[in-house]
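Before any comments, here is the structure.
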Number of protein chains: 2
Amino acid sequence: MRDELRERGLRLTPQRELVLTAVRALGHATPEDIAEYIHRTHPSINLSTVYRNLETLENVGLVLHTHLGHGGATYHAAEEVNHLHLVCGKCGSVGEAPIETAATFVNALADDYGFKTDVTHFAVYGKCTKCSEES
Amino acid sequence: MRDELRERGLRLTPQRELVLTAVRALGHATPEDIAEYIHRTHPSINLSTVYRNLETLENVGLVLHTHLGHGGATYHAAEEVNHLHLVCGKCGSVGEAPIETAATFVNALADDYGFKTDVTHFAVYGKCTKCSEES
DNA sequence: CGCTAAACGCAAATCACTTGCAATTCGCGC
DNA sequence: GCGCGAATTGCAAGTGATTTGCGTTTAGCG
């Protein structure tokens with residue numbers, strides 16, 4: 001990590017390391033979640049520092065974000081993002097499905113429209129099993 | 001339209017009609033776009049009125065919204081939403097593809113995970129033809 | 001060590017909506 | 001037609017999430 005940063009003239013600060021650790025520990029996490037998590041052990045870290053570091057780490061490629069709901073983005077460690085997100089519009093739950101499920105769909109878009117899909121960046125929206133049964 | 005509204009105890013105000021007209025005229029439009037469009041002919045309409053009417057019209061089923069980018073939602077007339085949205089993360093362009101393209105994908109999610117996908121609500125994210133060629 | 005650009009903390013600013021409220025107006029009933 | 005109550009509007013203030021300006025601190029090359 002230190003090297004990946006230094007290559008781009010960036011520094012490895014304690015705060016930056018904490019943000020990455022938090023992202024890795026939390027899975028799907030909003031900037032707020034991440035800040036709160038870090039606060040438990042390091043109360044002095046500033047929310048804007050968390051935002052700035054998420055951006056930096058994303059540029060370097062160590063984390064990335066996905067849009068799961070109407071609200072804000074959620075961040076993931078780069079090596080963890082190997083699934084689709086299935087967001088339920090009713091109960092808000094976030095399910096997962098292997099990327100391969102979308103393989104033929106992605107290929108069709110590539111072949112017919114020249115569009116290279118990044119299926120992990122946006123959520124797949126709909127209704128989960130539970131909510132479908134209920135209503 | 002008047003009737004669809006009245007059935008629910010709602011009124012047909014000039015502003016409400018303007019909002020629907022604007023949505024139909026604009027295609028993919030943010031609330032801001034819609035307000036601006038209406039402002040050209042009716043400068044006195046308030047932004048919050050636009051937001052409130054979009055919500056109302058959405059409840060009635062005359063319009064609906066989709067999440068295309070990092071920013072806000074974009075609204076469509078209900079009868080126009082018969083396509084997927086292909087959002088380019090680089091140039092921001094919004095392409096379209098017929099819903100059927102996703103049919104097998106949607107079925108796979110339904111069969112394997114019991115998840116009922118609404119493919120129009122969120123965008124498909126990736127890189128468009130042009131941007132793929134360039135970089 | 002010393003220095004300088006990168007990164008921080010903090011407070012204020014911005015953005016995209018949302019809400020409270022008093023004034024207006026639609027549209028059913030007379 | 002006219003009145004009246006509830007729906008709707010305009011305006012201004014309020015949120016929640018994120019960004020930005022800036023003076024201070026600090027990582028890390030030399």
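Below, chain A is the first sequence line, B the second, and so on; all start at residue 1. What's counted below: heavy atoms across the whole structure, side chains too, no hydrogens, waters or symmetry copies.
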inquiry  = For Leu10(B) and Asn53(A), find the nucleotide of DNA chain C closest to each by heavy atoms; which residue's nucleotide sits nearer the 5' end?
reply    = Asn53(A)

ask   = Given atom CG of Leu47(B) and atom P of dA12(D), what is their separation to the nearest angstrom?
value = 14 Å

request  = Would you kindly say whether Asp33(A) and Thr30(A) are connected by a side-chain donor-acceptor distance under 3.5 Å?
outcome  = yes

message = Considering every strand and a 4.0 Å limit on heavy-atom distances, what is the contact class for Ile45(B): base, sugar-phosphate, or nothing?
response = sugar-phosphate

request  = Round to the nearest Å and state the distance from His42(A) atom NE2 to dG9(C) atom P.
outcome  = 11 Å

Side chain to side chain contact (heavy atoms under 4.5 Å, CB included) between His65(A) and Glu58(A), intermediate numbers included = CA-CA 8 Å; His65(A) 74 273; Glu58(A) 184 154 31; 2.7 Å; yes

ask   = Does OP1 or OP2 of dT25(C) have a side-chain N or O of Gln15(B) closer than 4.0 Å?
value = no

message = Please report the distance, rounded to the nearest Å, between CD in Glu58(A) and C1' in dT18(D).
response = 14 Å

Atom pair distance, as rounded to whole Å: CG in Asp33(B) and C1' in dC15(C) = 15 Å

request  = Can you tell me the distance, in whole Å, between the CZ atom of Arg52(B) and the C1' atom of dT25(C)?
outcome  = 14 Å

ask   = Hey, does the side chain of Thr13(A) come within less than 4.0 Å of dC8(C)'s phosphate (OP1/OP2), counting only N and O?
value = yes

ask   = Do Val119(B) and Leu86(A) belong to the same hydrophobic cluster, where Ile, Leu, Val, Met, Phe, Trp and Tyr are linked whenever their side-chain heavy atoms lie under 4.5 Å apart, directly or via other members?
value = yes

remark   = Taken to the nearest whole Å, CD/Glu17(B) to C1'/dT9(D) is 16 Å

task = Could you give me the CA-CA distance, side-chain angles and deciding distance for Tyr37(A) and Leu18(A), then say whether side chain to side chain contact (heavy atoms under 4.5 Å, CB included) is met?
result = CA-CA 10 Å; Tyr37(A) 179 89; Leu18(A) 284 167; over 6 Å; no

ask   = What is the distance from NE2 of His39(A) to P of dG9(C), rounded to the nearest Å?
value = 9 Å

Five-pair end axes of the helix from dC1(C)-dG30(D) to dC30(C)-dG1(D), angle between them (10°) = 30°

task = Output yes when at least one side-chain N/O atom of Tyr51(A) is less than 4.0 Å from OP1 or OP2 of dT19(D), else no.
result = no

query = Heavy atoms under 4.0 Å, any strand shown: does Arg6(A) hit a base, just sugar-phosphate, or nothing?
reply = sugar-phosphate

query = In whole angstroms, how far is the P atom of dA6(C) from the CG atom of Leu5(A)?
reply = 13 Å

ask   = Using a distance-only test with no angle check, is there a side-chain donor-acceptor pair under 3.5 angstrom linking Thr104(A) and Asn107(A)?
value = no

inquiry  = Under 4.0 Å from OP1 or OP2 of dC10(C): is there any side-chain N or O of Asn46(A) that close?
reply    = yes

key: Electrostatic pair Glu79(A)-Arg24(A), nearest N-O below 4.0 angstrom   = yes

inquiry  = What contact category does Ser48(A) fall into here, base, sugar-phosphate, or nothing, at under 4.0 angstrom with non-hydrogen atoms?
reply    = base

ask   = Got more than 12 heavy atoms from elsewhere within 6.0 Å of NE2, His42(B)?
value = no

inquiry  = Looking only at the side chain of Leu12(A) (C-beta and beyond, no hydrogens), which of the listed nucleotides dC8(C), dG28(D), dC11(D) gets closest?
reply    = dG28(D)

task = Report yes if a donor N or O on one partner sits less than 3.5 Å from an acceptor N or O on the other, where the partners are the side chain of Arg11(A) and the base of dA7(C); otherwise report no.
result = no

key: Candidate list His76(B), Glu96(B), His121(B), test side-chain hydrogen bond (donor to acceptor under 3.5 Å, both in side chains), partner His85(B), passing option   = His76(B)

query = Is Thr49(B) near enough to dG10(D) that one of its side-chain N or O atoms lies under 4.0 angstrom from OP1 or OP2?
reply = yes

